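Model, not experiment: these values are computed from the prediction.
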Amino acid sequence: MKEETKLIQSILSDPLTGAISTPIYQTSTYVQEAPGIHKGFDYTRTNNPTRKILEHLITDLEYGYASLAFSSGLASIDAVIKLLKYGDEIIAVDDIYGGTFRLLNLYKKLGINTKFVDTTNTEKSTSLVSNNTKLVWLETPTNPTLKISDIKSISKKSKKINPKVLIVVDNTFASPAIQNPIKLGADIIIHSATKYLAGHSDVLAGLITVKDPKLYEKLKYIQNATGGVLSPIDCWLTIRGSQTLYLRVKKQSENAFKIASFLDKKKDSCIDKVYYPGLSYHKNHSIALKQQRYFGGIVSFSLKNDTIESSKKIVTSTKIFKLAESLGGTKSLICHPSTMTHKSTPLEIRINAGIQDSLIRLSLGIENIEDLIDDIDQALK
Ligand SMILES: *Cc1c(COP(=O)(O)O)cnc(C)c1O
């Protein structure tokens with residue numbers, strides 16, 4: 001089956017009633033026939049039929065063995081880090097999602113250290129792998145300058161040095177419609193399903209998909225022991241939203257490509273840099289071509305007049321693009337990373353990551369591209 005068919009087929013109809021839309025099993029517990037004799041469900045923290053459908057769906061989409069649904073992307077990331085113990089080490093992409101950075105900082109005081117490196121450089125990143133390395137943590141594309149790392153070569157080279165190392169890919173920015181990291185050698189995939197998967201800016205959700213049964217058992221134990229599960233109604237919203245994933249991501253990527261090309265033409269006037277993996281001069285364009293089905297729905301750009309004031313004027317002048325954090329929804333959003341998503345990042349790290357004062361990030365929605373271009377054009381003017 002092709003991916004689009006598989007996505008729809010993966011959402012099983014209800015075995016009890018035949019309901020084609022997944023029922024929301026809004027229950028905490030289940031009646032048992034005799035102690036321990038039940039229909040496979042005993043308590044919703046451990047198992048819930050609506051959650052099971054969602055976990056089955058993402059497993060199919062990501063070519064995994066099994067999946068787990070959490071109450072947020074960060075809750076799922078936290079569960080993965082709990083696989084580690086005192087003295088273990090993580091190697092992570094240097095412009096990692098801010099919330100993950102904050103979480104890794106918390107774990108530092110428990111003796112789990114992270115080394116940050118520019119993972120677009122495979123040699124440099126894998127040279128850090130040692131016997132203590134338990135996780136190599138990738139995000140590709142990254143936020144907001146859309147750096148792309150080569151999942152396949154990093155996985156292969158890291159495992160050659162330490163066969164026990166687990167490759168984790170936070171696949172939030174790409175979504176399964178664009179790339180499938182397990183097929184490229186990853187062991188664990190993370191999704192903040194809050195973004196592209198649920199896709200309508202109406203739910204917080206996190207998903208873990210794993211390749212290996214033993215790893216699944218460990219993470220299932222951690223999830224049940226810590227309890228950050230996704231509620232039945234939020235599972236339903238995520239299942240409901242996911243059904244149009246391929247349609248949305250295709251349209252969002254087309255819109256992003258056209259906006260990036262429009263901004264690129266404005267480089268002789270007000271625009272300084274445009275970041276989009278689909279542009280031939282993007283520094284990771286060739287790996288994006290090889291690794292991704294589309295170039296994605298996010299575009300960032302900076303201004304020749306590189307000030308916070310000038311970019312604030314733009315982000316408050318758009319009418320269709322709404323000023324908000326987050327991404328991946330049907331509505332186009334605009335955001336100013338240096339005063340919003342990255343305001344707590346130290347200045348030097350922020351500038352090193354390419355996040356100039358004037359950098360603006362767009363998350364393209366599914367609106368008509370002519371209206372979107374007109375909106376950005378009038379705001380630039
Ligand atoms: C949003 C995001 C997260 C965190 O997910 P939440 O659902 O907000 O907890 C993690 N990684 C990336 C890349 C994200 O964009």
Side-chain angles (χ1 to χ4, degrees), residues 1-12 22 51-70 72-77 79-80 83 97 100 135-141 148-152 154-156 166-199 203 205-220 222-223 229-230 234-235 238-250 252-253 288 290-294 296-297 328:
M1 254 187 266
K2 302 278 188 291
E3 263 103 11
E4 300 96 314
T5 319
K6 206 168 70 171
L7 163 58
I8 304 302
Q9 290 289 310
S10 293
I11 304 166
L12 307 171
T22 307
R51 201 164 86 223
K52 216 170 156 183
I53 297 283
L54 172 62
E55 291 169 345
H56 178 77
L57 165 68
I58 188 67
T59 302
D60 267 8
L61 288 186
E62 286 290 27
Y63 298 86
Y65 166 74
S67 302
L68 293 160
F70 289 81
S72 71
L74 275 174
S76 61
I77 291 168
V80 172
L83 289 166
Y97 176 72
T100 313
L135 305 176
V136 172
W137 197 285
L138 302 176
E139 256 173 49
T140 175
I148 310 230
S149 302
D150 188 335
I151 300 170
K152 201 171 180 175
I154 292 176
S155 304
K156 213 168 136 189
L166 296 173
I167 311 295
V168 185
V169 177
D170 181 334
N171 205 23
T172 300
F173 265 55
S175 92
I178 287 184
Q179 74 195 0
N180 303 114
I182 284 180
K183 280 176 121 181
L184 300 168
D187 301 281
I188 300 175
I189 298 173
I190 297 285
H191 281 288
S192 167
T194 311
K195 317 293 168 54
Y196 284 103
L197 274 163
V203 64
L207 298 167
I208 297 176
T209 302
V210 296
K211 187 164 78 173
D212 172 69
K214 276 196 196 123
L215 195 51
Y216 170 70
E217 291 308 327
K218 282 185 196 165
L219 286 164
K220 176 85 186 167
I222 290 169
Q223 185 189 46
V229 295
L230 192 61
D234 287 344
C235 289
T238 308
I239 296 165
R240 156 83 172 224
S242 295
Q243 296 182 42
T244 51
L245 177 74
Y246 292 99
L247 296 172
R248 285 185 281 108
V249 169
K250 183 166 185 275
Q252 285 160 324
S253 299
K290 201 170 82 177
Q291 186 165 273
Q292 301 185 189
R293 286 185 208 101
Y294 303 106

Item to check | Full working for side-chain contact (heavy atoms from CB on, under 4.5 Å) between Leu74 and Thr100 | outcome: CA-CA 7 Å; Leu74 275 174; Thr100 313; 4.1 Å; yes
Checklist entry - Does the pair Leu7 and Glu3 meet the rule for a side-chain contact (heavy atoms from CB on, under 4.5 Å), with working shown? => result CA-CA 6 Å; Leu7 163 58; Glu3 263 103 11; over 6 Å; no
Checklist entry - So Ile178 and Tyr196, side-chain contact (heavy atoms from CB on, under 4.5 Å) or not? Walk me through it. => result CA-CA 11 Å; Ile178 287 184; Tyr196 284 103; over 6 Å; no
Checklist entry - What do the steps show when you test Ile190 against Ser76 for side-chain contact (heavy atoms from CB on, under 4.5 Å), and what is the final call? => result CA-CA 7 Å; Ile190 297 285; Ser76 61; 4.0 Å; yes
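The main-chain N or O of Lys183 is never found under 3.5 Å from a side-chain atom of Asn180 such that the two would form a donor-acceptor pair. Although no hydrogens or angles enter the test, the distance criterion places no donor-acceptor pair under 3.5 Å between the side chain of Glu62 and the main chain of Ile188. Distance alone, capped at 3.5 Å, is enough to place a donor-acceptor pair between the Lys6 side chain and the Asp60 backbone. Side-chain N or O atoms of Arg293 include none that pairs as donor or acceptor with a backbone N or O of Lys250 at under 3.5 Å. The backbone N or O of Thr140 sits nowhere less than 3.5 Å from a side-chain atom of Ser149 that would complete a donor-acceptor pair. A donor-acceptor pair under 3.5 Å is formed between the side chain of Ser72 and the backbone N or O of Ala75. Between the side chain of Arg248 and the backbone N or O of Leu197, at least one donor-acceptor pair lies under 3.5 Å. Using modelled atom types, one side-chain atom of Asp187 and one backbone atom of Ile167 make a donor-acceptor pair closer than 3.5 Å. No donor-acceptor distance shorter than 3.5 angstrom exists from the side chain of Gln179 to the backbone of Gln292, with no hydrogens or angles considered.
With values rounded to the nearest 0.5 angstrom, His56 atom NE2 is found 11.0 Å from Leu54 atom CG. In this structure, Ile53 CD1 and Thr238 OG1 are separated by 13.5 Å, a value rounded to the nearest 0.5 Å. Note that the OG1 atom of Thr209 and the CG atom of Asn171 stand 9.0 Å from one another [nearest 0.5 Å]. The structure places CD1 of Ile239 at 11.5 Å from CD1 of Ile58, a figure rounded to the nearest 0.5 Å. For the atom pair CG of Leu245 and CG of Leu61, the computed distance is 7.0 Å after rounding to the nearest 0.5 Å. Note that the CD atom of Glu55 and the SG atom of Cys235 stand 7.0 Å from one another [nearest 0.5 Å].
For the residue pair Ile151 and Ser155, the shortest heavy atom distance occurs at O-OG, 2.7 Å. The heavy-atom pair separating Ser253 from Tyr294 by the smallest distance is OG-CB, 3.4 Å. Residues Tyr216 and Ala66 come closest through the heavy atom pair CD1-CB, 3.5 Å. Nearest approach of Ile182 to Lys211, heavy atoms of both residues: CG2-CD, 3.7 Å. Residues Gln223 and Phe70 come closest through the heavy atom pair CG-CE2, 3.6 Å. Contact between Met1 and Thr5 at its shortest, heavy atoms only, is SD-CG2, 3.8 Å.
Annotation: side chain to side chain donor-acceptor pair (under 3.5 Å) contacts of Thr172 (sequence neighbours excluded): Asp170.
More than 12 non-hydrogen atoms from other residues, nucleotides or ligands lie less than 6.0 angstrom from NZ of Lys220.
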